[in-house]
2 protein chains.
Amino acid sequence: MAEPTSETYRIYATLPAQIAVRIGQAIVDGEFAPGEKLREVDLASRFGVSRASVREALRSVEREGLVTILPQRGAQVTALSAPEVQDVFDIRASLMGLVCHRFTTSATPQMRQQLDRLLKELRAARDDGEAYSRASLAISEFCVRNVGSRRLADLVLSFARQTARYNRLSFASAERRRQSLANWRGLVAAVTGGDAPEAERLARQLVLDTRDTALKMLADEKG
Amino acid sequence: MAEPTSETYRIYATLPAQIAVRIGQAIVDGEFAPGEKLREVDLASRFGVSRASVREALRSVEREGLVTILPQRGAQVTALSAPEVQDVFDIRASLMGLVCHRFTTSATPQMRQQLDRLLKELRAARDDGEAYSRASLAISEFCVRNVGSRRLADLVLSFARQTARYNRLSFASAERRRQSLANWRGLVAAVTGGDAPEAERLARQLVLDTRDTALKMLADEKG
DNA sequence: GTTTGACAAAATGTCGACATTTTATATGCT
DNA sequence: AGCATATAAAATGTCGACATTTTGTCAAAC
């Protein structure tokens, strides 16, 4: 049963779209391990839909980079190598720079106020890795979703989701949280002060610091 | 009949993948006009495959941003509004900056040599809009494909393809071609000199100049 | 014991059909 | 004439079935 919305046209989520969201969330939440094979039949029975719908959903999740599909060999949860993790963070850093540059020049007073609130919440969460990770995502997402580009927002959030586990890993370190918080303080100050280039620089730095910590922890894990 | 390749695993293009390429190329080439509806049945009979394959192909082309699909309302060639064109160029500029930064720090002597050759070809094409447009794409693509990131390459080229018609429009202006050529000379010099930040800055500028020219011409067209 | 090959099982690729929604057409009323 | 409604046509959404390819198993050969 389709629900009318406030949009000009009635939009209802198609079945494959719903399944895609659920699969994507399961991956981000770690329910499916990296490299794990996702068989169409299994998912179809799990979600109670036909294979065709699952198939289309998987292509959708592939677009987000969360699964990798090989012809005749099916889908598996994307397992990033160390260079690939670096790559994803790199691109994300560049895009996040663009986001914060734009946000600085276009934010309304209400938005700046909200940004301050989110910074306070980030500070409040500085002693808990999981909470800090969530608060960090919240403040990032706020900026991302308020620069007036759905395209850019989807892109940045997609890259963020691809490295969700590495964010959590990085923020498990108390020292890293202190560094991140200091960085965010500077970023908010730059935004408030209207210094777009500085905001861009700091936004990049923020993501790259997360990257470096995560990669170092990953290397230690193996070594 | 599947052809073996030099890859570890045999890769053969699945049917929807082939159709997706053909549809995408047709859009970039202007065979389908912006806003034109693409009906699954029509495409299926045109390419001699089933609707299911066309359907999957369309989702693939949607990922590239070339078509827009609305639930229950089908696919149509993406028609960008002026702000959206600006948006796409903006994101592309940022990513192209990253590409050229990376290229500067990682290019081999052979690559720099090839870059010089492509710059010469660009210069040779400066009196012909269409030829210049092609040469410009060629030199861009060369950088993009040689920074060691398939992810980044696909992303940048996708954004470039979305604005293909505006590139051509922009390079129809002789003055614009002179400006572009000067910019490319500076960029190649920065790459050769190993000045990555300057290469990044110029790469961005290059894309943004194309954007501004295209938008101005678009505005004049209407006014 | 390892490897090769054939065979069986399972997974993906592709298709055609039916269900539901949207869009176009025609009919009737003010 | 113009608009609202009902009906018909067309397009997309979803499904199950069959074809092809990959994967797993087991026996025979070296």
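Every chain is numbered from 1, with letters handed out A, B, ... down the list of sequences.
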Flag for [Y]-[X]: side-chain donor and acceptor within less than 3.5 Å:
| X | Y | answer |
| --- | --- | --- |
| A:R63 | A:S60 | yes |
| B:S133 | B:N167 | no |
| A:S180 | A:Y132 | yes |

Should we count CZ of B:R117 as having more than 12 external heavy atoms under 6.0 Å?
yes

Rounded to whole Å, how long is the line connecting atom [atom1] of [X] with atom [atom2] of [N]?
| X | N | atom1 | atom2 | value |
| --- | --- | --- | --- | --- |
| A:Q18 | D:dG13 | CD | P | 13 Å |
| A:E56 | D:dC15 | CD | P | 11 Å |
| A:K37 | D:dT23 | NZ | P | 6 Å |
| B:Q76 | D:dA11 | CD | P | 15 Å |
| A:E40 | D:dT21 | CD | C1' | 13 Å |
| B:Q72 | D:dG13 | CD | P | 5 Å |
| B:L15 | D:dT21 | CG | C1' | 15 Å |
| A:I19 | D:dC15 | CD1 | C1' | 14 Å |

Just N and O in the side chain of [X]: are any of them under 4.0 Å from OP1 or OP2 of [N]?
| X | N | answer |
| --- | --- | --- |
| A:T14 | D:dT14 | yes |
| A:R55 | C:dG13 | yes |
| A:R39 | D:dT23 | no |
| B:S53 | C:dG13 | no |
| B:R51 | D:dA10 | no |

A:L95, A:I139, A:L157, A:L137 screened by side chain to side chain contact (heavy atoms under 4.5 Å, CB included) with A:V144, the one that passes:
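By the side chain to side chain contact (heavy atoms under 4.5 Å, CB included) criterion, A:V144 pairs with just one of A:L95, A:I139, A:L157, A:L137: A:L157.
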
What contact category does B:I69 fall into here, base, sugar-phosphate, or nothing, at under 4.0 angstrom with non-hydrogen atoms?
nothing

The side chain of B:P16 lies closest to which of these nucleotides: C:dT14, C:dG13, D:dT14?
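My answer, after comparing the listed nucleotides, is C:dT14.
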
Would you indicate which nucleotide in D:dG13, C:dT12, D:dT22 comes nearest to any side-chain atom of A:R73?
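For the A:R73 side chain, the nearest candidate turns out to be D:dT22.
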
